[in-house]
Amino acid sequence: MADPVTNEPANPVAAVRAVLPSLTPAAQAIARVILDDPGVVVRSTITEFSAVSGTSEATIVRTARALGFTGYSQMRFALAAAVAKEPERLVPGDLAPDDPLTDVIAKVARAESEALADTAAQLDPDQVGEVVKAISVARRVDVYGVAASGLVAADMSQKLLRIGLSSHPFSDAHLALTSAALLRGGDVVVAISCSGETPDVLVPTRTAADAGALVVGITNNPRSSLADLADHTLVSAGRETAFRPGALASRISQLLIVDCIFVGLAQRTYERADAAIRATRDVIERYRSR
């Protein structure tokens with residue numbers, strides 16, 4: 001979520017990571033330097049940073065503006081403020097082939113913690129509220145996601161079912177398309193894709209949108225095809241690396257968004273949700289005690 005006064009990203013490091021795939025090659029080179037070590041920007045004038053990144057000063061200014069800043073100076077000050085709050089972000093944290101397990105544990109744990117904090121910082125409560133409102137009155141809710149995002153889709157549908165909402169998860173594109181073609185106005189689709197460019201998610205989602213369903217996108221990339229397609233986009237902040245494709249950091253940031261939606265729904269439909277939770281818990285307890 002951006003600062004309402006300056007419009008700069010609330011968390012500049014997370015914002016850079018989120019839009020990385022949508023940047024030009026030159027801008028990506030700048031963004032990767034920032035992500036590897038934000039302190040480089042903090043310590044460098046634009047001339048010094050130009051030498052470090054191997055790009056022109058004009059490209060740096062254009063990239064800063066593409067990231068939501070007025071220019072290099074504002075980006076530099078924002079990163080300085082961010083790392084002052086969390087100085088450990090000055091230290092690169094990617095896993096290396098020769099890292100001892102003690103470092104692996106520490107780096108993975110830090111990545112998960114940062115993913116949660118970054119996602120919470122940029123979640124727009126108004127957007128979440130609109131999503132909660134739409135799902136609470138929906139005829140049905142389809143949730144699309146494949147691979148690691150498919151696990152999140154299944155988790156969301158299970159949660160909605162527990163509070164009495166009709167929800168179906170789809171990780172197979174053919175089945176998702178079949179369902180999407182039968183949706184209509186008043187239905188909701190939640191599409192989950194870290195990149196926002198997964199064809200098996202995008203094609204059924206576009207079909208559902210054409211059928212009149214409201215689309216909620218959960219993605220790491222706010223400039224992705226999924227974000228363009230969605231009526232409401234909720235941005236997660238976990239990142240994947242060479243050693244952690246489908247990493248828990250990506251999945252846990254999506255799960256945080258799902259949990260926020262779920263709790264919001266339980267609050268909005270409290271009596272129905274409470275009765276459904278009690279009924280489903282009781283039937284499981286009776287089954288276990290047989």
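Scope of the values below: all heavy atoms of this structure, side chains included, with no hydrogens, waters or symmetry mates.
Annotation for Thr119 and Ala237: closest pair OG1-N, 3.0 Å, computed over non-hydrogen atoms. Annotation for Gly68 and Gln74: closest pair O-OE1, 4.4 Å, computed over non-hydrogen atoms. For the pair Ile277 and Thr280, the tightest heavy-atom approach, listed with the atom from each and the gap, is O-OG1, 3.0 Å. Annotation for Pro199 and Pro204: closest pair O-CD, 3.9 Å, computed over non-hydrogen atoms. Among all heavy-atom pairs drawn from Tyr144 and Ala176, the shortest one is OH-O, 3.6 Å. The two residues Leu79 and Pro38 have their closest heavy-atom pair at CD2-CB, 4.4 Å.
Panel note: side chain Ser44, backbone Val41; no donor-acceptor pair is recorded below 3.5 Å. Under a 3.5 Å cut-off, the side chain of Glu197 and the backbone N or O of Ser225 do form a donor-acceptor pair. Ser224 places a side-chain N or O within 3.5 Å of a backbone atom of Asn221 that can act as its donor or acceptor partner. Without hydrogens or angle criteria, Gln28 side chain to Leu23 main chain gives a donor-acceptor distance under 3.5 Å. A donor-acceptor pair under 3.5 Å links the side-chain atoms of Thr178 to the main chain of His174, judged by distance alone. When atom types are taken as modelled, the side chain of Ser136 and the backbone of Lys133 share a donor-acceptor pair closer than 3.5 angstrom. In this structure a side-chain-to-backbone donor-acceptor pair under 3.5 Å is missing from Ser113 to Ala109.
A 4.5 Å side-chain heavy-atom check between Val201 and Ile192 finds every atom pair outside the cut-off. A 4.5 Å side-chain heavy-atom check between Met156 and Val141 finds every atom pair outside the cut-off. Residues Ser149 and Gln254 are in side-chain contact: their nearest non-hydrogen atoms beyond the backbone lie under 4.5 Å apart. For the pair Val152/Ile218, no side-chain contact is recorded, criterion being any heavy-atom separation below 4.5 Å from C-beta on. Side-chain contact check for Ile60 versus Ser53: some heavy-atom pair is nearer than 4.5 Å. The shortest distance between side-chain heavy atoms of Tyr72 and Ser50 does not fall below 4.5 Å. Side-chain contact between Pro222 and Gln122: absent, with no pair of heavy atoms (C-beta onward) separated by less than 4.5 Å. Glu130 is not listed as a side-chain neighbour of Asp231, based on a closest heavy-atom distance of 4.5 Å or more.
The pair Asp155-Lys159 meets the salt-bridge criterion, with a side-chain N (NZ, NE, NH1 or NH2) lying under 4.0 Å from an Asp/Glu carboxylate O. Ion pairing between Glu285 and Arg288 holds under the 4.0 Å rule for side-chain N and carboxylate O. Ion pair Arg278/Asp274 flagged as a salt bridge, since at least one NZ, NE, NH1 or NH2 atom sits closer than 4.0 Å to an Asp/Glu carboxylate oxygen. Of the charged side-chain nitrogens involved, none lies within less than 4.0 Å of a carboxylate oxygen, so that Asp187 and Arg140 do not count as a salt-bridged pair.
The cluster map of Ile, Leu, Val, Met, Phe, Trp and Tyr, joined by side-chain heavy atoms under 4.5 Å apart, puts Val215 and Leu123 in different clusters. Grouping the Ile, Leu, Val, Met, Phe, Trp and Tyr side chains by contacts below 4.5 angstrom, directly or via other members, places Val235 apart from Val132. Val143 and Leu175 fall into different hydrophobic clusters, where Ile, Leu, Val, Met, Phe, Trp and Tyr side chains are chained together by heavy-atom contacts under 4.5 Å. Criterion: ILVMFWY side-chain heavy atoms under 4.5 Å apart, direct or through other members. Under it, Leu183 and Leu177 are not part of a common hydrophobic cluster. Hydrophobic clustering of Ile, Leu, Val, Met, Phe, Trp and Tyr side chains at less than 4.5 Å, counting indirect connections, unites Val33 with Val61.
Atom-to-atom distance recorded for Glu271:CD and Thr269:OG1 is 10.0 Å, nearest 0.5 angstrom. Note: Met75 CE to Arg65 CZ = 12.0 Å, rounded to the nearest 0.5 Å. Note: Asp210 CG to Thr205 OG1 = 11.0 Å, rounded to the nearest 0.5 Å. Here the OG atom belonging to Ser56 is positioned 8.5 Å from the CD1 atom belonging to Ile46, to the nearest 0.5 angstrom. One distance of note links CZ of Arg206 with CG of Leu226; it measures 9.5 Å at 0.5 Å rounding. Ile163 contributes atom CD1, which lies 5.0 Å from atom CG of Leu265 (distance to the nearest 0.5 angstrom).
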(message) Between Thr233 and Gln127, is the side chain to side chain contact (heavy atoms under 4.5 Å, CB included) condition met? List the steps.
(response) CA-CA 8 Å; Thr233 300; Gln127 284 272 19; 5.8 Å; no
(message) Could you go through Arg184 and Arg139, starting from their C-alpha distance and side-chain angles, then the distance that decides it, and tell me whether this counts as side chain to side chain contact (heavy atoms under 4.5 Å, CB included)?
(response) CA-CA 9 Å; Arg184 59 177 188 257; Arg139 180 183 70 102; 3.1 Å; yes
(message) As a quick check of understanding, evaluate side chain to side chain contact (heavy atoms under 4.5 Å, CB included) for Leu234 and Ile261, giving each step before the final call.
(response) CA-CA 10 Å; Leu234 303 177; Ile261 295 171; 3.8 Å; yes
(request) Give the intermediate values and the outcome of side chain to side chain contact (heavy atoms under 4.5 Å, CB included) for residues Val258 and Val190. (result) CA-CA 10 Å; Val258 167; Val190 180; over 6 Å; no
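The side-chain hydrogen bond (donor to acceptor under 3.5 Å, both in side chains) test with Ser236 singles out one residue from Thr219, Asp118, Asn220, and that residue is Asn220.
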